[in-house]
**Student:** 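Just passing along the structure, written as structure tokens.
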Amino acid sequence: MVETGKVIIVEGRSDKKKLECIIKEPVEIICTNGTISNAKLDELIDELYNKEVFILVDADEAGEKLRKQFRRELPEAEHLYIDRMYREVAAAPKQHIAAVLLSANIDVHTDYL
């Protein structure tokens, strides 16, 4: 695992894979695999202490549920949003994701801009 100051929390492995090829700087990407239990979330919160945390989940019901949970438990995290028309992070074009990440000051490979 890369030890950096930035962490992006995504839902699935396909989301993580997609981000890994777009991001240029060392960023830790954590998968929740859809839902996350409170115990797992508490563990995660301890791990994320003093890090810059970004939440990038699907624009669907499951994603919103997860977002709510993170808003409650991790209020300092920054929420990143993909356009609703793509619904899933994995389905969004790389250029779109690159623009979303760039807007959060995350360095991306210029080929995607």
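FYI, the numbering just counts along the sequence from 1.
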**Student:** State the NZ-NZ distance between Lys68 and Lys65, to the nearest 0.5 angstrom.
**Tutor:** 10.0 Å
**Student:** Report yes or no: do Met85 and Val100 belong to one cluster of Ile/Leu/Val/Met/Phe/Trp/Tyr joined by side chain heavy-atom distances under 4.5 Å?
**Tutor:** yes
**Student:** Whether the side chain of Glu73 engages the backbone of Leu41 through a donor-acceptor N/O pair (distance < 3.5 Å, no angle test) should be reported.
**Tutor:** no
**Student:** Would you check if Val89 and Glu11 make a side-chain contact, meaning some heavy-atom pair closer than 4.5 Å?
**Tutor:** no
**Student:** So, do Tyr86 and Pro93 sit near enough that their side-chain heavy atoms are less than 4.5 Å apart?
**Tutor:** yes
**Student:** Taking the side chain as every heavy atom from C-beta outward, state whether Tyr81 and Arg67 have any pair of such atoms under 4.5 Å apart.
**Tutor:** yes
**Student:** Can you find a pair of side-chain heavy atoms, one from Glu64 and one from Glu61, that are under 4.5 Å apart?
**Tutor:**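 No, every pair of side-chain atoms sits at 4.5 Å or beyond.
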**Student:** Output yes when a side-chain donor or acceptor of Arg84 lies under 3.5 Å from a complementary backbone atom of Ala59, and no otherwise.
**Tutor:**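 Confirmed, Arg84 side chain pairs with Ala59 backbone.
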**Student:** Is any side-chain heavy atom of Val53 closer than 4.5 Å to a side-chain heavy atom of Ile9?
**Tutor:**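 Touching, per the 4.5 Å side-chain cut-off.
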**Student:** Between Val108 and Ile97, is any pair of side-chain heavy atoms under 4.5 Å apart?
**Tutor:** no
**Student:** So for atom CZ, which belongs to Arg71, do other residues, nucleotides or ligands contribute more than 12 heavy atoms lying within a distance under 6.0 Å?
**Tutor:** yes
**Student:** State whether the side chain of Lys6 and the backbone N or O of Val27 hold a donor-acceptor pair below 3.5 Å, judged by distance alone.
**Tutor:**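 A pair under 3.5 Å: no.
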**Student:** Does a side-chain heavy-atom distance below 4.5 Å link Cys21 with Lys94?
**Tutor:** yes
**Student:** With side chains defined as the heavy atoms from C-beta onward, is the minimum distance between Ile23 and Ile29 less than 4.5 Å?
**Tutor:** yes
